[in-house]
Amino acid sequence: MSNAPTPETASHGADDTPPFRYTAALAQDIELRWQAFWDDDGTFETPNPAGPLADAEALAGRGDKLFVLDMFPYPSSSGLHVGHPLGYIGTDIYCRFQRMQGRNVLYSMGFDAFGLPAEQYAVRTGQHPAITTAEAVTNYRRQLHRLGLSHDKRRSIETTDPDYYKWTQWIFRTIFEAWYDDAAGKARHIDELIAEFDAGDRALPDGRAWSTLSDPEKEQVLAEYRLAYVSNAPVNWCPGLGTVVANEEVTADGRSDRGNFPVFKRNMRQWMMRITAYGDRLVDDLDLLDWTDAIKTMQRNWIGRSEGATVHFPSAAGPITVFTTRPDTLFGATFMVLAPEHPLVDELTTAEQAAAVAAYREEAAAKKEIDRTDDTKAKTGVATGGTATNPVTGEEIPVWIADYVLMGYGTGAIMAVPCGDQRDFDFARTYGLDIPAIQQPPAEWFTGHDIAPTDGADTSTWPIAYVGDAPYINSSNGDGLDLNGTSDVASGVATTNAWLEANGHGEATINFKLRDWLFSRQRYWGEPFPVVYDEHDVAHVVPESMLPVELPETDSFSPRTFDPDDADSDPESPLDRLTDWVDVTLDLGDGPKTYRRDTNVMPQWAGSCWYEMRYLDPTNDERFVDAAVEEYWMGPQTDERPDHPGGVDLYVGGVEHAVLHLLYARFWHKVLYDLGHVSSKEPYARLFNQGYILADAFKDEREIYVDASEVERRDDGYFHDGKPVTLEVGKMGKSKLNSVSPDEMYENYGADTLRLYEMAMGPLDQSRPWETRDVVGMYRFLQRLWRNAVDEDTGALAVSDDAPSDETSRVLHRTIDAVATEMDNLRFNTAIAKLIELNNHVTKIDAPPRAVVEAMTLMLAPLAPHIAEELWSKLGHEGSLSHEPFPVADPALLVDDTIELPVQVNGKVRGRVVVAADAPNDVIEAAALAEENVARTLDGAAPKKVIVVPGRMVNVVA
RNA sequence: GCCCGGAUGGCGGAAUUGGCAGACGCGGCGGACUCAAAAUCCGCUGGCCGCGAGGUCGUGUGGGUUCAAGUCCCACUCCGGGCACCA
């Protein structure tokens, strides 16, 4: 370990500022020196148990492992604003604190550098995305480094680096070569499936004999099983962007979320990922995760698992199939509603209704999805004139069409149970359809709605549908199905499902809202697929030895865009034009042959689906991560919890990734787990969502943002250039002209002040508004703390070797106790407040005792590491304090001999008494009643009751 | 429409299982230093009444439980986020 750096000279602030005052200039001097020291010293390099970064000796000196991860940034050309590093500062403090607790902490940072924004920026400026991305990454690295984050820089990655995306492609290859074995409940290698087909142990779904199939036919069959497959699925074609966008990238009104261009549905050959195979496990394993209930709920809702039944209603046009979560209510199904686009509508429609149906379908087709699904509008529909047979009652029920039923969801048809569903009830009342009761509502329900109780099927007086548990009535068909009298929905569902299955009318079904993941993009700036097609158009993944498939150089990286309204245009990827690259001769095991490369690239999510694992073993060129290294850092902590799934110990990031990123990463991780490549079942054991930094933004009368830094506050409002402007609070961002750069803060206050300010603003998980003028508070705190230890005129240490007073010791140890607890729980705002209190106490001491200053310096170190290192060095210590033990509170100093208790009379504080900490209740009571103001308030009246809460307070009930 | 959060001084926020509301910071006021200002330092700072001792009101609104409610329960208002007729 090298020696601590020495300051060159005293810094100089304003004319008569003492030369060794903690000014912004001195802070900068200190910060740059210590950042250089940490780099040279390798202070934050973390040893691995195996592989290139293994260091057995260093590892032996460390305690338990801790893997802390930030959601890595997408480097934009405009650089960081002070909102970006909020979470990074939090994780850095936590890591520094845990290092001082002896943990072996892995903490690094990478860059998610592929993606459409870089490509679009490059298109706008005419520069290659590789160049603009590299510049943005360099700027981000500088800004983050200047913040003093304790990253292990050897472990940093960029998703655009071929050495990184080689393994992204390898994982794609692995997923392509896998299938989901429902019986085993896990993914297996595709060769095992082929072996089963070859041996005749598994039949083809369509009954053909495997041995009679040609190779391309076999490949077609296998594509039905593979976890990555090409599908001729409907996609969202956006001619204005020249690319296909995912469902989740389309806004509610059917436009692209980037650029706001129209989006059209069209069919296209696309790579898909079979994430739906993991629907159950993605839901069930949420129970193993230390995430907030809010995020878990969002994932559950997105996956949308609902258990119910598929039911077939016979009709003249063939069976109409619906999915229902409430098959137990089939006896109340008195009509059906189909989407206007449903393929059976034509056949069901009678001659009399043909004109009305045609008109309605035309009307529905012209509506946007948002209008069709607008809940505030009245439901419309028309009868087809056709009927279907309710399979449990045998009754003919009318079939309607209505635009609120969407072809894209479920089967595009529903059964309507008007007595138990408000939407169906409204529809039935509007169009005069039958509403027989199938449950007997309780008496209170009738009185609650001011109507006379009815029984039997009559619902004519009901104002609304009855939704709730109640005994079934009219729910028996004399053919083996009888629910009458039962009031338990679960058993009603189970009984009905069994009957449907036994009689061939349907079966129990689990339905997911989750769809397979559209995994290809017609763009340039992404990972190329490691896929080639042969003369039969069969996809082959290239062997591992041919990875990475590098993104070819080109100057024409823009997607070809079209008239945004031209729905009939054909997508063309930038890679399509590079024929030298597309047409390739390879030997895939049966001699050199000509192939055509896949010209799609992967979506931005790909690189972020596994990046945490590359931090573990960034230079490994044999494997994406060494197995022993993965197990050390991410293996299940079964000693902590028997069902611990493994994964990152703490993952911090914004709630905007609650669904997509987290779900995709979990899916990839589970595939890798099933195939034995990782020991952890889940990538992120604990998730913490940080808040956002908000900032005032101002709009002028044209509704255009004005530069927030130029706005003047007056008593009568806000003004820009003398004109009134309106205030709008929101996320900080370049487009709102309210960004504050960290560079500005480094220059005016220093990184330590910025770190403290961001943490002191409020709890880490809460959004809070930025106020530049408040930053000075933390700057003053550091100045006072510095002055307590250092003579501002000479720069010499100004501590005494005296033992601290009893009072000071108690304050110190109470602070140690509180700060350690608060830091361990990520409550840095209150940890800072406790340190300020201690420092304010120390300020009152002439020459503060060394023991107090040393402990205070160590406690400050995670929060404001540079000034702490400098003080530690001035206190005569060699090297960095980063691995010094965090101070430990002496329990004896946490308890006082005497305590002051508030005394209430009827709940209002009337006085205070000082008693021995271990005083018995009757002594406390006597003291309380004797207190002057208490006695006066009681005015001689005898108290009815006295409540003594030991150590807390006394309440006298008069 | 449904679901999930949230609402505390002029501002950001603090407050174990219900137990002294307003820690800490900003701002404001007063003072020290200075020719003066800035910076820095010290003190005060929820509203109202009172010379004071003290009293009184007070955690979005209205009820309730309790010796005691920011905290628990019921109803409501507003703000933020998520979902979108999910069958």
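If you're wondering where the values come from, they're calculated on a predicted model, not measured in any experiment. Quick note on labels: first sequence line is chain A, next is B, and so on, each numbered from 1.
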Quick one: [X] [atom1] to [N] [atom2], roughly how many Å, whole number?
X        : N      : atom1 : atom2 : value
A/Met759 : B/rG12 : CE    : P     : 18 Å
A/Gln766 : B/rG6  : CD    : C1'   : 8 Å
A/Lys908 : B/rA21 : NZ    : P     : 11 Å

How would you label the contact of [X] with the nucleic acid (heavy atoms, under 4.0 Å): base, sugar-phosphate, or nothing?
X        : answer
A/Asn829 : sugar-phosphate
A/Asn840 : sugar-phosphate
A/Thr297 : nothing
A/Asp424 : nothing
A/Thr772 : nothing
A/Ile947 : base
A/Met761 : sugar-phosphate
A/Asn301 : nothing
A/Arg910 : sugar-phosphate
A/Val957 : sugar-phosphate
A/Lys296 : nothing

Check your understanding: Mapping A/Gly907 and A/Tyr779 onto RNA chain B by nearest heavy atom, which one lands closer to the 5' end?
Key ->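 This one resolves to A/Tyr779.
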
Span that lies between the [atom1] atom of [M] and that of [N], in whole angstrom:
N      : M      : atom1 : value
B/rU17 : B/rG6  : P     : 15 Å
B/rG19 : B/rA68 : C1'   : 7 Å
B/rU8  : B/rA14 : P     : 11 Å
B/rG58 : B/rU77 : P     : 23 Å
B/rA39 : B/rG30 : P     : 16 Å

**Study point:** Dot-bracket notation for RNA chain B, counting Watson-Crick and G-U pairs under 3.5 Å, with | for partners on another strand
**Key:** (((((((..(((......[....)))((((((.......))))))((((....))))..(((((..]....))))))))))))....

Exercise for review: Look at the side chain of A/Asn955 and the base of B/rC67, then say whether one donor and one acceptor between them are separated by less than 3.5 Å.
Suggested key: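 Side chain to base: pair present.
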
Check your understanding: Between the base of B/rU16 and the side chain of A/Arg952, is there a donor-acceptor distance below 3.5 Å?
Key -> yes

Study note, to complete from the structure: Of B/rA87, B/rA23, B/rG43, the nucleotide closest to the side chain of A/Glu837 is B/rA23

Review point. More than 12 foreign heavy atoms under 6.0 Å from CD of A/Glu900: is that the case here?
Key: yes

Exercise for review: Report, as yes or no, whether the 6.0 Å neighbourhood of atom CG on A/Asp287 holds more than 12 heavy atoms from other residues, nucleotides or ligands.
Suggested key: yes

Review point. Is there a donor-acceptor pair under 3.5 Å between the side chain of A/Lys834 and the backbone N or O of A/Ala818?
Key: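 Judged by distance alone, no pair lies under 3.5 Å.
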
Review point. Under a 4.5 Å cut-off applied to non-hydrogen side-chain atoms, are A/Asn955 and A/Lys908 in contact?
Key: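 Contact flag for A/Asn955/A/Lys908 side chains = no.
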
Point to revise | Output field: ring centroids A/Trp786/A/Phe20 closer than 6.0 Å | key: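 Judged by ring-centre distance (under 6.0 Å), A/Trp786 and A/Phe20 do not meet the cut-off.
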
**Study point:** Close aromatic pair by centroid cut-off 6.0 Å: A/Tyr360 and A/Trp400
**Key:**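 Ring centres of A/Trp400 and A/Tyr360 not closer than 6.0 Å.
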
Exercise for review: Run the numbers on A/Leu330 and A/Thr496 for side chain to side chain contact (heavy atoms under 4.5 Å, CB included), then give the verdict.
Suggested key: CA-CA 9 Å; A/Leu330 260 166; A/Thr496 309; 4.1 Å; yes

Check your understanding: Does B/rG5 sit syn or anti, given that only angles within 90° of 0 count as syn?
Key ->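 Nucleotide B/rG5 adopts anti.
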
Review point. Got a salt bridge between A/Asp896 and A/Arg814, using NZ or NE/NH1/NH2 to carboxylate O under 4.0 Å?
Key: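 Between A/Arg814 and A/Asp896 there is a salt bridge, with a charged N closer than 4.0 Å to a carboxylate O.
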
